[in-house]
Amino acid sequence: QVQLVEAGGGLVQAGGSLRLSCAASGRTASTNAMGWFRQTPRTEREFVATINWSGGFGYYADSVKGRFTISRDNAKNTVYLQMNSLKPEDTAKYYCAASSRGYGLEYGSGYDYWGQGTQVTVSS
């Protein structure tokens, strides 16, 4: 099992920044990629970004490309999501996820473990 704990959410004004973190524990060696998703009460879960543990290659949804940056610290088993130039439409609960398969990473089905989420609210 892998446990994921997100942190860093909060309330920020439009144009501001937040950095989310996701600390992984347990059998982290069984995973090879991490991702961030977001969801609101009115929308389905949406892919945000993904990164693999080895090469550090990041892949982003078009809606956040150029504003968000995903990174990882292998020594700390932690993944970060730096969010800049935030918009009200970025308001959502953000979830961290871990994948042991390394493919289909734009979809929730590509992940095996999920955190509890952290709320991000962007005011206009």
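Here the closest heavy-atom approach between residue Asp73 and residue Tyr80 is recorded as CB-CE1, 4.0 Å. For the residue pair Ser124 and Pro88, the shortest heavy atom distance occurs at CB-CG, 3.8 Å. Of all heavy-atom pairs spanning Tyr95 and Gly115, the tightest one is CD2-O, 3.6 Å. When all heavy atoms of Ala49 and Tyr60 are compared, the pair lying nearest together is CB-CD2, 3.6 Å. Annotation for Thr118 and Gly9: closest pair OG1-N, 3.2 Å, computed over non-hydrogen atoms. Shortest non-hydrogen contact noted between Ala98 and Leu4 is N-CD1, 3.7 Å.
Taking CZ of Arg38 as the reference point, atom CE of Met83 lies at 9.0 Å (rounded to 0.5 Å). With rounding to the nearest 0.5 Å, the separation of CG in Asn32 from CD1 in Ile51 is 12.5 Å. In this structure, CZ on Arg19 lies 7.0 Å from OG on Ser71, to the nearest 0.5 angstrom. Atom CG in Asp90 sits 11.0 Å away from atom OG1 in Thr121 (nearest 0.5 Å). For the atom pair Thr78 OG1 and Met34 CE, the distance stands at 8.5 Å (nearest 0.5 Å). The line from CZ of Arg72 to SG of Cys22 is 14.5 Å long, rounded to the nearest 0.5 Å.
The main-chain N or O of Phe68 is never found under 3.5 Å from a side-chain atom of Gln82 such that the two would form a donor-acceptor pair. Judged by distance alone, the side chain of Arg45 and the main-chain N or O of Tyr107 form no donor-acceptor pair under 3.5 Å. Looking only at distances, a side-chain donor or acceptor of Glu6 sits under 3.5 Å from a matching main-chain atom of Cys96. Thr43 places a side-chain N or O within donor-acceptor distance of the main-chain N or O of Thr40, the cut-off being under 3.5 Å. The main-chain N or O of Phe37 is never found under 3.5 Å from a side-chain atom of Tyr94 such that the two would form a donor-acceptor pair.
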Before giving the answer on side chain to side chain contact (heavy atoms under 4.5 Å, CB included), spell out for Trp36 and Val79 the whole-Å C-alpha distance, their side-chain angles and the decisive distance to 0.1 Å.
CA-CA 9 Å; Trp36 287 97; Val79 174; 3.6 Å; yes

Can you check side chain to side chain contact (heavy atoms under 4.5 Å, CB included) on Leu20 and Val120, steps first, answer last?
CA-CA 9 Å; Leu20 306 183; Val120 171; 4.0 Å; yes

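A salt bridge is defined here as a Lys NZ or Arg NE, NH1 or NH2 lying under 4.0 Å from an Asp or Glu carboxylate O, and Asp62 with Lys65 meets this definition.
Annotation: side chain of Ser25 is not in contact with side chain of Val2 (no heavy-atom distance under 4.5 Å). Using a 4.5 Å heavy-atom cutoff, the side chains of Thr91 and Gln119 are in contact. Side-chain contact between Glu46 and Ser63: present, with at least one pair of heavy atoms (C-beta onward) separated by less than 4.5 Å.
A donor and an acceptor atom, one from each side chain of Asn84 and Ser17, are located under 3.5 Å apart. With no hydrogens or angles considered, no side-chain donor-acceptor pair links Thr31 and Tyr111 at under 3.5 Å.
In terms of the side chain to side chain contact (heavy atoms under 4.5 Å, CB included) criterion, residue partners of Val12 (sequence neighbours excluded) are, by chain and number, Leu18, Leu86, Val122. Every residue meeting the side chain to side chain contact (heavy atoms under 4.5 Å, CB included) condition with Arg101, not counting sequence neighbours, appears here in chain and number order: Ser99, Tyr103, Asp112.
The neighbour count for Gln3 CD, taken as heavy atoms of other residues, nucleotides or ligands under 6.0 Å away, is above 12.
Of the options Asn52, Thr50, Ile70, a side chain to side chain contact (heavy atoms under 4.5 Å, CB included) to Tyr59 is made by Thr50 and by none of the others.
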